[in-house]
Amino acid sequence: MRTRAAFTLIELIVVLALVAITVGISALALRPFANELSGADQIVSGAFKQARAKAMATTSAFRFVFRSTTELEVESAVGCADVGGWTVAPGFEVELPAGTMITSPVVLPDTVLVCFNSRGFASQNLLLTIQDNDGRSRTIEVFLGGAVEVQ
């Protein structure tokens, strides 16, 4: 008579539990290797793209105002040439993650970096450099036609 060698249900559950615990611990151990710089460039480039789309959808203008090296504010008005009438756009908080900052262009607070008109065109070509604490940097370019590219 032949005997069959097989795993019991309890042995399989114990092995799966050990694998799950190991994967969970390794995922937590790898968390410090997350790249804040990548997150920062995605936040800023996404905000540029979203503001451009919102400007075209609402036939209004959206501009980015430099507040600090870690914060941009988005405002809206009828057109880019408006002197007054700019209001803070709700839901457009652009704050960089800890450990990252805007290093160029070097501008004073309350300086307008770029404005998207109702047709989605940018007021100027913008090169925005973001740097992390380790010295790595990425450049975000906003083209006159409104396209945004991360380099």
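Aromatic ring centroids of F64 and F48 lie under 6.0 Å apart.
With hydrogens and angles ignored, the 3.5 Å screen pairs no side-chain donor or acceptor of D82 with any backbone N or O of G85. Under a 3.5 Å cut-off, the side chain of Q124 and the backbone N or O of L113 do form a donor-acceptor pair.
Crowding of L18 atom CG: a count of heavy atoms from other residues, nucleotides or ligands under 6.0 Å exceeding 12.
The line from CD of Q131 to OG1 of T103 is 5.0 Å long, rounded to the nearest 0.5 Å. Expressed to the nearest 0.5 Å, how far OG of S137 lies from CG of D132 amounts to 8.5 Å. Here the straight-line distance linking atom CZ of R119 with atom CE of M56 works out to 11.0 Å at 0.5 Å rounding. The OG1 atom of T139 sits 8.5 Å away from the CG atom of L128 when rounded to the nearest 0.5 Å. Taking CD of E93 as the start and CD1 of I43 as the end, the distance is 12.0 Å to the nearest 0.5 Å. Atom CD in E36 sits 8.0 Å away from atom CG in D134 (nearest 0.5 Å).
When all heavy atoms of A61 and G79 are compared, the pair lying nearest together is CB-C, 3.5 Å. Between I140 and S45, the shortest heavy-atom distance links the atoms CD1-N, 4.0 Å. Contact between T70 and T100 at its shortest, heavy atoms only, is CG2-O, 3.6 Å. Closest of all the heavy-atom pairs between E75 and V65 is OE1-CG2, 3.4 Å. F66 and L108 get closest at one heavy-atom pair: CD2-O, 3.6 Å. The two residues G39 and P97 have their closest heavy-atom pair at C-CG, 4.3 Å.
Linking Ile, Leu, Val, Met, Phe, Trp and Tyr residues whenever their side-chain heavy atoms come within less than 4.5 Å places L72 and V107 in a single cluster. Both V44 and V150 belong to a common hydrophobic cluster when Ile, Leu, Val, Met, Phe, Trp and Tyr are linked at side-chain heavy-atom distances under 4.5 angstrom. When the side chains of ILVMFWY residues are joined at heavy-atom separations under 4.5 Å, either directly or via intervening members, W86 and F62 end up in two distinct hydrophobic clusters.
With a 4.5 Å cut-off on side-chain heavy atoms, S60 and V78 do not count as touching. Annotation: side chain of K49 is in contact with side chain of V148 (closest heavy-atom distance under 4.5 Å). In this structure the side chain of F92 reaches within 4.5 angstrom of the side chain of K54, judged on heavy atoms. Contact annotation: the side chain of L96 approaches that of I102 to within less than 4.5 Å [non-hydrogen atoms, C-beta and beyond]. Residues R138 and S38 have side chains in contact (heavy-atom distance under 4.5 Å, counting atoms from C-beta outward). For the pair E149/Q151, a side-chain contact is recorded, criterion being any heavy-atom separation below 4.5 Å from C-beta on. Contact check for L127 versus S104: no side-chain heavy atoms found under the 4.5 Å cut-off.
There is no side-chain donor-acceptor pair under 3.5 Å between S118 and T59.
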